[in-house]
Novice: 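My structure is below; once you've seen it, I'll send some questions.
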Amino acid sequence: MTNSEYSGIGYTLQDRDTIWKETMKLVKLNNTWNLEITGKGELKPTIFKVTNIEKEQFTSENPNNESPKLIKYDFEDEILKARISGGEMEIPFEFERIQK
């Protein structure tokens with residue numbers, strides 16, 4: 001990891017089983033930040049352009065993606081919260097840091 005690339009893994013558990021997993025990268029290239037998300041079985045990431053950065057939050061968008069079209073992250077009390085949306089749909093997520 002560098003100060004122009006950050007990475008993470010998101011997963012959903014159900015009864016201690018992983019039912020969804022994706023990798024995420026926040027990459028800065030030519031002064032533009034992009035969020036790259038690759039889900040299970042996907043060969044190429046879906047790219048979301050970071051359109052707004054504020055203290056403790058950022059928003060990324062891909063209006064051409066079927067769903068979601070918008071992803072917003074907020075860092076609050078040591079928890080990373082995300083909201084994905086597209087059309088009338090909105091789904092909240094919470095991420096916790098795993099200590100290595």
Side-chain angles (χ1 to χ4, degrees):
M1 231 180 341
T2 68
N3 52 343
S4 63
E5 183 175 313
Y6 300 88
S7 63
I9 298 172
Y11 56 91
T12 302
L13 296 175
Q14 184 177 46
D15 298 324
R16 297 185 184 202
D17 288 329
T18 302
I19 60 170
W20 178 254
K21 182 178 175 183
E22 62 188 10
T23 59
M24 300 169 275
K25 279 188 188 178
L26 189 57
V27 180
K28 185 178 185 181
L29 183 63
N30 299 325
N31 279 344
T32 300
W33 285 97
N34 287 310
L35 177 63
E36 301 179 359
I37 299 180
T38 307
K40 182 179 177 182
E42 296 177 341
L43 299 176
K44 295 192 294 187
T46 301
I47 309 295
F48 294 83
K49 182 180 179 181
V50 175
T51 56
N52 186 43
I53 299 174
E54 297 179 29
K55 184 178 181 181
E56 312 265 340
Q57 68 181 20
F58 74 90
T59 302
S60 58
E61 299 180 59
N62 181 337
N64 298 319
N65 193 44
E66 184 177 334
S67 184
K69 295 184 181 299
L70 185 131
I71 303 174
K72 183 173 183 179
Y73 287 94
D74 296 284
F75 190 66
E76 185 179 303
D77 298 325
E78 299 298 316
I79 295 177
L80 181 63
K81 295 183 178 186
R83 282 192 332 260
I84 65 169
S85 59
E88 295 180 17
M89 177 272 309
E90 183 173 292
I91 302 171
F93 293 91
E94 287 190 0
F95 297 92
E96 294 182 25
R97 182 181 296 222
I98 297 175
Q99 301 298 326
K100 288 188 174 186

Novice: Hey, is NZ on Lys25 packed in by over 12 heavy atoms from elsewhere, all under 6.0 Å?
Specialist: no

Novice: Mind checking whether Val50 and Leu80 sit in one hydrophobic cluster, side chains of I, L, V, M, F, W, Y counted as touching below 4.5 Å?
Specialist: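 As far as the 4.5 Å side-chain criterion goes, Leu80 and Val50 are connected within one cluster.
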
Novice: Not counting sequence neighbours, which residues clear side-chain hydrogen bond (donor to acceptor under 3.5 Å, both in side chains) with Lys21? List them please.
Specialist: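 Testing Lys21 for side-chain hydrogen bond (donor to acceptor under 3.5 Å, both in side chains), a comparison that skips the adjacent residues, returns none.
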
Novice: Quick one: pull up CZ in Phe93 and CD1 in Ile84 and give me the separation to the nearest 0.5 Å.
Specialist: 4.5 Å

Novice: Give me the atom names and distance for the closest heavy-atom approach of Gly39 to Glu22.
Specialist: CA-CB, 4.0 Å

Novice: For Gly10 and Met24, work out which heavy atoms get closest and say how close.
Specialist: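 Taking every non-hydrogen atom into account, N-CE, 3.3 Å.
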
Novice: If we only count heavy atoms from C-beta on, is the Lys81 to Ile79 side-chain gap below 4.5 Å?
Specialist: yes

Novice: Name the atoms and distances for all side-chain donor-acceptor pairs under 3.5 Å in residues 28-35, with sequence neighbours left out.
Specialist:
none

Novice: Under a 4.5 Å side-chain heavy-atom rule over Ile, Leu, Val, Met, Phe, Trp and Tyr, are Phe95 and Ile91 clustered together?
Specialist: yes

Novice: Quick one: list whatever passes salt bridge (Lys or Arg N to Asp or Glu O under 4.0 Å) with Glu90, sequence neighbours left out.
Specialist: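 With neighbours one apart ignored, the set is Arg83.
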
Novice: Quick one: side-chain contact (heavy atoms from CB on, under 4.5 Å) partners of Leu13, sequence neighbours excluded?
Specialist: Tyr11, Thr18

Novice: Which residues satisfy the salt bridge (Lys or Arg N to Asp or Glu O under 4.0 Å) test with Glu78, sequence neighbours excluded?
Specialist: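 If we apply the salt bridge (Lys or Arg N to Asp or Glu O under 4.0 Å) test to Glu78, skipping adjacent residues, there are no hits.
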
Novice: Indicate every side-chain donor-acceptor pair of residues 52-64 with a distance under 3.5 Å to a residue at least two apart or in another chain.
Specialist:
| from | atom 1 | to | atom 2 | distance (Å) |
| --- | --- | --- | --- | --- |
| Asn52 | ND2 | Glu54 | OE2 | 2.9 |
| Glu54 | OE1 | Gln57 | NE2 | 3.1 |
| Ser60 | OG | Ile71 | O | 3.4 |
| Glu61 | OE2 | Thr51 | OG1 | 2.8 |
| Asn62 | OD1 | Asn64 | N | 3.0 |
| Asn62 | OD1 | Asn65 | N | 3.0 |
| Asn62 | ND2 | Ile47 | O | 2.7 |

Novice: Heavy atoms only: give me the nearest Lys44-Thr38 pair and the separation to one decimal.
Specialist: C-OG1, 4.3 Å

Novice: Rounded to the nearest 0.5 Å, what separation is found between the NZ atom of Lys69 and the CZ atom of Phe48?
Specialist: 9.5 Å

